[in-house]
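Heads up: the structure comes next, in structure tokens.
If you read the sequence from its start, that first residue is 1, and numbering goes on from there.
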Amino acid sequence: IDGCVTRNSEVSIILDGTIFNAKDLGEGTDAEVILKLYERYDFPEVLNHLNGDFAIALYDSKFGELWLGRDRIGVKPLYYTNTVNGMAFASRCKSLLTIPDVSRQPNQQYVALVAASHYRYFDNQTSKSPYQGIAQLPAASWLRMKDGQQSMGTYWKLQDLPDWEASEDELCDMYRELLLDATQIRFARSTNAGFTLSGGMDSSSVISSAVHVTGAKQEAFSSVYEDKTFDESEDIQTILDHTVSEWHQVRISNPDVFGLVEKMVAIHDEPVATATWLSHYLVCEKVKSAGFSYLFSGLGGDELNAGEYEHFYSFFADLKYENEKRLLKKEVSSWVEHHNHPIYKKSYNIMDSDINKICDLTRSGVCLPDKDRLHKYGNLLNKDYFDVRKFKPIMDHPFKKYLKNRCYQDIFRETSPCCLRAQDRQGMAFGITHIMPFFDHRLVEFMFRVKNKYKIKNGITKYILRKAMNGIVPNATIQRIKKTGWNAPAHLWFSGRSEHDKLKDIVNSSKFKNREIYNNKVINKLIDEHKKLVDSKIESENHMMILWQLVNLNTWLDSI
């Protein structure tokens with residue numbers, strides 16, 4: 001594991017990450033603080049005392065025990081494998097693959113999901129990795145190795161505790177205090193820090209919180225596109241005077257997608273989940289060249305504050321299950337007013353029809369996998385390779401509310417894991433540490449006790465965050481309802497003549513065909529269809545994400 005090392009006569013500790021509350025726990029380096037805690041508590045209890053982003057390995061020679069531990073949200077990755085000589089562990093799969101008896105054979109189910117499904121399902125099985133012979137320690141977990149025997153457990157989990165009964169103003173004060181403190185303790189440990197900035201509430205709240213606690217404007221980095229569908233430059237302008245000392249714009253127009261994917265896969269040891277991370281890669285390159293070592297982001301804000309469009313359905317399901325007919329009708333009406341879309345149309349009837357696909361309304365809080373999304377591209381696979389329809393995603397439901405379970409699923413099994421891993425990989429490649437105040441476990445625990453009505457209200461997401469940031473974030477940002485979403489114009493990257501031809505060359509090569517993963521006739525047809533859809537300039541859904549996954553998967557398989 002990369003990071004600091006400390007030891008005494010009996011105990012050795014390796015730490016990858018940062019303990020943000022270390023000064024409250026003792027003196028010395030973070031690893032030394034952990035060592036002193038271990039002198040008082042058993043290892044799982046040590047982890048419970050830590051507020052940080054970490055992967056830890058501790059060996060106690062007195063008892064012949066090896067312990068591994070990972071932070072609560074899974075910000076820092078931690079892999080392990082059993083070998084003929086014992087057990088090996090690392091922050092990256094690549095390190096473990098250098099061991100002679102560790103197989104490089106890919107996980108077939110993972111390959112199939114990348115080839116023909118949606119990125120939300122890649123990380124559904126949290127103990128798996130993309131390689132058959134390598135396991136992953138899940139978030140908030142510990143592993144003990146003694147006398148050749150392994151045992152595992154969790155040291156922290158979110159509880160279904162009663163919702164806060166404080167007033168709206170009191171809750172906003174609590175939220176504000178937690179976010180400001182989460183930002184402050186992280187900023188105190190971050191030298192040469194920069195900030196990613198979009199036009200949304202999450203990144204704006206983080207940089208504004210930093211300005212508030214430090215009294216100084218900060219430098220910000222943003223990806224800028226010629227394609228206005230995804231460009232947020234105009235929205236960002238509203239916050240610049242308030243928070244930014246220098247704005248670094250990373251202009252992305254016609255990137256060498258295939259060349260960049262090759263570089264990215266080499267540092268990820270696996271396919272990169274979404275095209276957004278190509279933009280992030282170029283931002284990291286700029287951050288490094290500008291001399292910054294830490295990069296703050298708003299990752300986690302959507303999951304905590306019910307900021308994704310998918311969260312509306314879970315919110316409506318709670319109202320429907322609780323028979324709140326009048327409020328449901330009002331909220332759906334506001335949803336249609338603020339978020340109707342020419343492709344993804346919204347109405348009460350559409351909601352009423354679609355809600356049953358992703359929520360089991362006969363059981364309180366039970367969310368269902370989105371089978372339309374899961375199976376949409378299933379026909380791309382050769383039938384003999386894998387049947388995506390037989391894949392049954394794990395759907396956790398520790399809470400009685402649909403919205404809470406949906407957000408929980410996003411944090412631990414769907415949107416967050418691949419994002420956290422991508423940030424970590426690309427950060428390591430450029431010597432940058434990513435910092436995410438929204439994933440402070442105190443703020444996570446707080447938000448899972450906040451009532452739905454303070455998360456979505458009058459068709460507007462992130463209600464409590466908007467109100468809590470009043471006076472800290474500019475009003476123009478707080479009052480902006482539309483959500484561009486952190487995305488990239490990958491539809492254009494795969495529709496040009498040269499890109500189209502490269503895709504065709506890949507899928508019609510003998511190496512690609514010999515893997516027998518894809519139905520070659522179907523994938524050729526899809527590539528042509530994507531180009532026609534984009535060339536027509538008609539606003540319609542295209543195939544950019546599955547083509548991104550194809551290029552990444554092929555590049556990865558070529559490398560192992």
Side-chain angles (χ1 to χ4, degrees), residues 18 20 51-53 75 175-224 231-252 279-302 304-305 307 419-420 423-424 426-427 430-440 443 462 465-466 468-478 480 484 486:
T18 306
F20 299 116
N51 182 347
D53 303 334
V75 174
Y175 192 119
R176 185 185 307 110
E177 182 179 343
L178 282 169
L179 182 55
L180 290 176
D181 187 65
T183 304
Q184 186 170 36
I185 64 174
R186 284 160 173 77
F187 195 85
R189 298 296 307 275
S190 307
T191 54
N192 302 323
F195 292 76
T196 56
L197 183 61
S198 69
M201 274 299 300
D202 301 336
S203 61
S204 297
S205 295
V206 170
I207 191 171
S208 296
S209 294
V211 171
H212 186 83
V213 299
T214 64
K217 293 182 178 181
Q218 305 296 325
E219 295 193 40
F221 296 80
S222 307
S223 52
V224 176
D231 184 65
E232 297 185 79
S233 299
E234 290 184 11
D235 294 341
I236 294 171
Q237 293 285 346
T238 63
I239 198 173
L240 294 179
D241 289 343
H242 182 76
T243 61
V244 178
S245 58
E246 184 174 352
W247 185 31
H248 303 266
Q249 300 176 62
V250 181
R251 298 191 174 276
I252 302 169
S279 300
H280 180 267
Y281 179 91
L282 296 175
V283 167
C284 285
E285 195 172 50
K286 177 70 172 180
V287 170
K288 180 62 176 178
S289 67
F292 291 87
S293 304
Y294 290 82
L295 190 59
F296 280 68
S297 81
L299 187 63
D302 278 330
L304 285 192
N305 299 287
C419 292
L420 291 170
Q423 280 198 158
D424 185 75
Q426 298 191 164
F430 291 101
I432 297 166
T433 299
H434 285 86
I435 306 292
M436 293 140 288
F438 279 114
F439 275 147
D440 187 300
L443 190 54
K462 305 181 183 179
L465 174 62
R466 296 174 193 272
M469 289 292 101
N470 187 34
I472 296 177
V473 174
N475 285 335
T477 302
I478 291 174
R480 188 179 301 118
T484 301
W486 191 43

Original post:
Does CD in Glu246 sit with more than 12 non-hydrogen atoms of other residues, nucleotides or ligands closer than 6.0 Å?
Top reply: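 Yes, CD of Glu246 has more than 12 neighbouring heavy atoms, counting only those of other groups under 6.0 Å.
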
With rounding to the nearest 0.5 angstrom, report the [atom1] to [atom2] distance, [X] to [Y].
| X | Y | atom1 | atom2 | value |
| --- | --- | --- | --- | --- |
| Leu420 | Met436 | CG | CE | 5.5 Å |
| His280 | Ile252 | NE2 | CD1 | 11.0 Å |
| Leu299 | Asp202 | CG | CG | 8.5 Å |
| Leu304 | Phe439 | CG | CZ | 6.0 Å |
| Leu465 | Arg176 | CG | CZ | 10.5 Å |
| Asn51 | Asp440 | CG | CG | 4.5 Å |

Check: [X] side chain, [Y] main-chain N or O, donor-acceptor pair, under 3.5 Å:
| X | Y | value |
| --- | --- | --- |
| Arg466 | Ile478 | yes |
| Ser203 | Gly298 | no |
| Lys217 | Leu240 | no |
| Glu232 | Gly199 | yes |
| Asp181 | Glu177 | no |

ring-ring contact (aromatic ring centres under 6.0 Å, His included) partners for [X], two or more places apart:
| X | value |
| --- | --- |
| Tyr294 | none |
| Phe20 | none |
| Phe221 | His248, Phe292 |
| Phe438 | none |

Subject >> Derivation of the side chain to side chain contact (heavy atoms under 4.5 Å, CB included) call for Gln423 and Leu295 >> reply: CA-CA 10 Å; Gln423 280 198 158; Leu295 190 59; over 6 Å; no

Are any of the side-chain heavy atoms of [X] and [Y] separated by less than 4.5 Å?
| X | Y | value |
| --- | --- | --- |
| Trp247 | Ile236 | yes |
| Leu180 | Ile472 | yes |
| Gln249 | Ser222 | no |

Partner residues of [X] under the side-chain contact (heavy atoms from CB on, under 4.5 Å) criterion, sequence neighbours left out:
| X | value |
| --- | --- |
| Thr238 | Ala476, Thr477, Arg480 |
| Lys288 | Phe430, Ile432 |
| Ser293 | Asn192 |

**OP:** Taking side chain to side chain donor-acceptor pair (under 3.5 Å) as the test, write out the residues that go with Thr196, two or more places apart.
**Re:**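 Partners of Thr196 by the side chain to side chain donor-acceptor pair (under 3.5 Å) criterion come out as none, since no residue qualifies.
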
**OP:** Check side chain to side chain donor-acceptor pair (under 3.5 Å) between Ser233 and all other residues, then give those that pass, not counting sequence neighbours.
**Re:**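 Applying side chain to side chain donor-acceptor pair (under 3.5 Å) to Ser233 gives Asp231.
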
Original post:
Under the salt bridge (Lys or Arg N to Asp or Glu O under 4.0 Å) test, which residues partner Arg189, sequence neighbours left out?
Top reply: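 For Arg189 the salt bridge (Lys or Arg N to Asp or Glu O under 4.0 Å) partners, ignoring immediate neighbours, are Asp30.
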
Original post:
Of all residues at least two apart in sequence or in a different chain, which pass the salt bridge (Lys or Arg N to Asp or Glu O under 4.0 Å) check with Asp424?
Top reply: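 Per chain and number, Asp424 pairs via salt bridge (Lys or Arg N to Asp or Glu O under 4.0 Å) with Lys76.
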
**OP:** Please report the shortest heavy-atom distance between Pro437 and Leu179, naming the atom on each side.
**Re:**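 Where Pro437 meets Leu179 most closely, the heavy atoms are CB-CD1, 4.2 Å.
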
**OP:** Provide the closest heavy-atom pair for Glu219 versus Ser245 in the form atom of the first, atom of the second, distance.
**Re:**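 The answer is CG-OG, 3.4 Å.
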
Only distances under 3.5 Å count here; give the side-chain donor-acceptor pairs of residues 205-213 to other protein atoms, sequence neighbours excluded, each with its distance to 0.1 Å.
from, atom 1, to, atom 2, distance (Å)
Ser205, OG, Met201, O, 2.6
Ser208, OG, Ser204, O, 2.7
Ser209, OG, Ser205, O, 2.7

Subject >> Residues Phe296, Leu197; criterion side chain to side chain contact (heavy atoms under 4.5 Å, CB included); working and verdict >> reply: CA-CA 9 Å; Phe296 280 68; Leu197 183 61; over 6 Å; no

